A.B. asks: 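The following block contains the structure, expressed as structure tokens.
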Amino acid sequence: MTKFKPALGLSNNHLQSMLSSSGPRKYFEKRRANQLLCLAKQHIITTPQGVRLEGFLSRNNTTTPSKGLAVILHGWEGCADSLYVLSSGQKLLDVGYDVFRLNFRDHGDTHHLNSELFNSSRLEEVAEAVKYLCAEFGGQHNVLCGYSLGGNFCLRVANIAKVAGIQLHQAIAICPVLHPPTTMAELSAGFPLYEQYFVAKWKRSLIKKLRYHPQLGYGNALKKLKTLDDMNLFFVERYTDFTSRDEYFEAYSVVEDGLRQLAIPTTIITSEDDPMIPARHLKHLHQSKWLSIDLQAKGGHCAFIKNWKFESWASERITQLVE
């Protein structure tokens with residue numbers, strides 16, 4: 001197993017986490033992912049339940065047959081063009097995989113596609129999308145990768161892959177949300193910039209949703225909600241089928257028995273200094289021969305920026321695992 005060693009000056013977990021999806025990394029990562037972006041073709045997937053999800057397929061244009069399909073899932077309020085998605089997508093394309101970057105409902109520019117709001121318990125539509133993609137575009141070795149909340153979805157899809165007939169052969173989750181109540185508590189009580197960041201992004205997304213679906217009618221109430229706690233309490237009670245916020249969080253937790261059905265090789269890559277997802281919850285995961293933990297001392301949240309070119313060790317680690 002390779003070890004992550006950040007360059008001098010890049011050890012701080014907050015700096016790592018913020019560089020994951022912002023700052024000067026935008027310039028470098030978009031240049032490095034030029035081939036991935038140039039080859040990308042938009043697809044709208046309609047699940048059997050009528051949910052529409054958008055994504056982008058980049059097919060390997062070499063003469064060598066593709067090794068398979070890599071589906072990548074972004075984090076909460078990220079999108080298919082998030083920098084960590086582009087980084088791992090380009091690396092996987094480089095080693096011979098076709099790459100599909102999937103947007104969750106209400107992420108990216110997809111707020112018009114479905115009338116109901118996104119929430120993290122909506123596993124079925126993501127699983128159905130991955131099942132379709134593997135059947136339609138897959139090959140000998142199909143891989144599902146996910147970051148943060150996307151890592152959580154990745155683990156849950158991997159958990160049901162065999163019983164649901166999804167042609168997945170491997171799953172890799174980077175800094176996945178393990179125990180949602182703890183992650184929300186860390187965001188609310190930790191470094192203030194994180195909560196401010198997610199409140200602002202979530203509000204922008206919800207306002208955008210209202211432009212297409214004004215019947216949802218939460219516009220005036222949204223102005224009064226100031227914290228993640230406020231927003232979760234309001235939206236869980238009124239816009240989900242759950243009776244409480246705790247019940248909702250439990251619906252997408254993966255600790256205890258959450259991964260008991262795993263039957264494909266699955267790896268979690270995470271760090272001891274992740275400011276949002278405490279590593280202590282790793283010991284509460286269901287013990288399985290299919291599950292491997294790649295725990296690094298440093299790396300922040302979904303970052304693992306190894307040098308001042310803002311290159312990602314995690315993207316390279318993913319290619320090592322699939323190869």
Side-chain angles (χ1 to χ4, degrees), residues 1-6 10-22 25 29 71-79 82-89 91 101 104 107 120 143-158 170-187 190-191 193-195 197-198 201 249 252-255 258-259 266-285 291-306 310-321:
M1 184 176 71
T2 59
K3 185 177 180 181
F4 171 62
K5 294 180 180 179
L10 283 173
S11 292
N12 182 271
N13 61 337
H14 299 306
L15 177 61
Q16 281 275 336
S17 302
M18 287 184 282
L19 284 173
S20 172
S21 57
S22 62
R25 191 184 181 200
E29 214 57 79
V71 180
I72 307 178
L73 307 176
H74 59 77
W76 183 39
E77 292 305 331
C79 69
S82 290
L83 301 183
Y84 48 83
V85 173
L86 297 182
S87 173
S88 53
K91 290 289 186 185
R101 296 172 289 124
F104 295 138
H107 287 71
S120 302
V143 184
L144 181 63
C145 301
Y147 286 80
S148 194
L149 182 60
N152 172 280
F153 272 97
C154 174
L155 292 175
R156 287 186 288 150
V157 172
Q170 187 177 8
I172 304 169
I174 302 88
C175 297
V177 173
L178 303 173
H179 187 243
T182 300
T183 294
M184 281 298 170
E186 294 290 333
L187 288 172
F191 192 45
L193 282 180
Y194 297 134
E195 180 171 36
Y197 172 84
F198 281 110
K201 290 204 79 172
F249 286 156
Y252 66 102
S253 173
V254 296
V255 298
L259 300 179
T266 300
T267 305
I268 292 174
I269 302 171
T270 192
S271 64
E272 292 177 352
D273 68 351
D274 189 320
M276 304 176 198
I277 300 166
R280 67 178 183 271
H281 286 293
L282 292 168
K283 66 177 182 287
H284 297 301
L285 295 173
L291 181 64
S292 301
I293 307 296
D294 189 342
L295 179 62
Q296 300 292 322
K298 298 287 185 179
H301 182 65
C302 294
F304 300 99
I305 307 301
K306 68 177 187 176
F310 307 104
E311 293 175 309
S312 168
W313 170 90
S315 297
E316 295 177 357
R317 181 69 180 131
I318 289 168
T319 60
Q320 288 177 354
L321 289 167

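Residues: numbered from 1 along the sequence shown. Predicted model, so just to flag it, every value in this text is computed and none were measured.
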A.B. asks: When W76 is tested against each of Y147, F198, F104 for side-chain contact (heavy atoms from CB on, under 4.5 Å), which residue passes?
C.D. replies: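 The passing option is F198.
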A.B. asks: Does a donor on one side chain and an acceptor on the other come within less than 3.5 Å for H301 and S148?
C.D. replies: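 Yes, S148 and H301 have a side-chain donor paired with an acceptor closer than 3.5 Å.
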A.B. asks: If I take atom CZ from residue R317 and atom CD1 from residue I172, how far apart are they, to the nearest 0.5 angstrom?
C.D. replies: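 One gets 8.5 Å once the value is rounded to the nearest 0.5 Å.
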A.B. asks: Could you give the distance from CZ (R101) to CG (L86), rounded to the nearest 0.5 Å?
C.D. replies: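 Between R101 CZ and L86 CG, I get 5.5 Å after rounding to 0.5 Å.
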A.B. asks: Do the non-hydrogen side-chain atoms of S82 and S21 ever get within less than 4.5 Å of each other?
C.D. replies: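 They are not in contact (no side-chain heavy atoms under 4.5 Å apart), so the answer is no.
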A.B. asks: Find out whether V177 and F249 are in side-chain contact, i.e. whether some heavy atom of one side chain is under 4.5 Å from a heavy atom of the other.
C.D. replies: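 When only atoms from C-beta onward are counted, F249 and V177 do not touch, as no gap falls below 4.5 Å.
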A.B. asks: Would you give the length of the straight line joining atom CG of L282 to atom CG of L291, rounded to the nearest 0.5 angstrom?
C.D. replies: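 Here the rounded value is 8.5 Å.
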A.B. asks: Taking atom NZ of K5 as the centre, does the number of heavy atoms from other residues, nucleotides or ligands within less than 6.0 Å exceed 12?
C.D. replies: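 Counting other residues, nucleotides and ligands, NZ of K5 stays at 12 neighbours or fewer.
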A.B. asks: Please check if the distance between the ring centroids of H74 and H107 is under 6.0 Å.
C.D. replies: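 That pair passes the under 6.0 Å test.
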A.B. asks: With I268, which of L285, L295, V254 fulfils side-chain contact (heavy atoms from CB on, under 4.5 Å)?
C.D. replies: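 It is L285; the other options fail the test.
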A.B. asks: Please examine the side chains of I174 and I318, heavy atoms only from C-beta on, and report whether any two atoms are closer than 4.5 Å.
C.D. replies: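 Sidechains of I174 and I318: in contact.
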A.B. asks: Taking the side chain as everything from C-beta on, heavy atoms only, tell me whether R280 gets closer than 4.5 Å to T182.
C.D. replies: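 Side chain of R280 against side chain of T182, heavy atoms only: contact under 4.5 Å found.
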A.B. asks: Does the side chain of S120 come within less than 4.5 Å of L149's, by heavy atoms?
C.D. replies: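 Heavy-atom side-chain distance check passes, below 4.5 Å.
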